[in-house]
Amino acid sequence: MVSDRPAARPTNPRFSSGPCAKPPTFSLDRLADAALGRSHRAKIGKEKLKAAIERTRSLLGVPADYRIGIVPASDTGAVEMAMWSLLGARKTTMIAWESFGAGWVTDAVKQLKLDAEVRTADYGQIVDLATVDWDTDVVFTWNGTTSGVRVPSGEVIPADRAGLTICDATSAAFAQDLPWDKLDVTTFSWQKVMGGEAAHGMLILSPRAVDRLESYTPPWPLPKIFRLTKGGKLIEGIFAGETINTPSMLAVEDYLVALDWAEQIGGLPALMARADANAHAIWAFCAARDWIDNLAEDPATRSNTSVCLKFTDARIADGAAFAKAVQKRLEAEGVALDVGAYRDAPPGLRIWCGATVETADIAAMLPWLDWAFEAEIAAQAQAA
Ligand SMILES: Cc1ncc(COP(=O)(O)O)c(C=O)c1O
């Protein structure tokens, strides 16, 4: 029997995994102070870029001797420039358990043509990080956005490793604890947990990563937007707000406004607690039902940002069609936008739980998931 439509609706039905919901206090007027029509190299522009860097450092607790740069092309730009600039000096290990990690494997093996050790796991699982050789350079994704499987802890990474760790943390930063002493290169985009805009990436380098940049020249050509050194020395300006090319000062302002919000609500612990509360609400929903489950098999690896779900009801004839139909019903009712599983991932739903999402909106959306599931089971029975 199909139940009635729930009475309540989420105030904000935006549960996309990127670009993610804006902070709850966001409005376009908040961008009025943007340095529009001004040079990013003028004092006003440079100060804003520098503030974005230094406020990121303090919010995330990045050590003072780590460099933080704003680079072109969002998270992808940051990961690519790290891989192109640093890899090849020693053996490389590429680790992937979902689509974005798999993309970095392709780049290392097919574009850079590195003879890399490739370690992969299926959607829902994770590579056993205890068996990785951390004396090689290791490229991995902290939170697999398309499978909802995350690294449970950095303890497994040895402090005295000889290789560099290059970590795509775009859907983890600001929601999960990142152990800076275990990460030599960390990248993310403003568009995820902070609800900022895409286009610019953040590149965080440990002193060991800087040593590598200054002591190693890769054998392949580097386009201007990837170049982090000049004459064998780090271009320090990049890490003080002198961006390689022109940034969007509107996007910079938007990030500063997101930082205001994050600082006001209590900083990193508050951001992480909000993501946790959102994810817990969905986990509890799944635990109470026998037709839906987390895609992440090991509870320790469940993401608190990109929560990926699979339908497990034996009555479902075509998993992909079913999941799509449920998503469409939710979207048509205006109660959950953009919650379909990623195109390469197993059929299901992906519900963003990062800090900008309100737990009350998750709670208001979940009864609609019950409703859409039952409606679709009934529709399927009728069609048969
Ligand atoms: C893990 C991961 N890496 C990279 C990307 C690409 O990010 P961007 O489009 O900001 O470059 C995404 C986007 O969802 C992602 O989730």
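Whatever order the structure lists them in is the order used to number ligands and atoms, beginning at 1.
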Chi angles and distances behind the side chain to side chain donor-acceptor pair (under 3.5 Å) call for Ser147, Glu98: CA-CA 6 Å; Ser147 70; Glu98 52 77 64; 5.4 Å; no

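- Atom CD of Glu54 has more than 12 heavy atoms from other residues, nucleotides or ligands within 6.0 Å.
- Residues meeting the ring pair (Phe, Tyr, Trp, His ring centres under 6.0 Å) test with Trp352, sequence neighbours left out: none.
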Dump all N/O pairs between ligand 1 and the protein below 3.5 Å as a table: atom names plus distance, one pair per row.
from	atom 1	to	atom 2	distance (Å)
ligand 1	3 (N)	Asp75	OD2	3.3
ligand 1	3 (N)	Asp168	OD2	2.6
ligand 1	10 (O)	Ser74	OG	2.5
ligand 1	10 (O)	Asp75	N	3.4
ligand 1	10 (O)	Gln191	NE2	2.8
ligand 1	11 (O)	Asp75	N	3.3
ligand 1	11 (O)	Thr76	N	2.8
ligand 1	11 (O)	Thr76	OG1	2.5
ligand 1	14 (O)	Lys192	NZ	2.5
ligand 1	16 (O)	Thr145	OG1	2.4

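- Hydrophobic clustering (ILVMFWY, side-chain heavy atoms < 4.5 Å, transitive): Val357 and Phe285 are in one cluster.
- Legend: salt bridge (charged side-chain N to carboxylate O under 4.0 Å, His left out) pairs involving residues 242-257, not counting sequence neighbours, sorted by first then second residue: Lys22-Asp254, Lys46-Glu242, Lys48-Glu253.
- Within the structure, the ring-ring contact (aromatic ring centres under 6.0 Å, His included) test picks out the following pairs touching residues 297-344 (sequence neighbours left out): Phe100-Tyr342, Phe311-Phe322, Phe322-Phe373.
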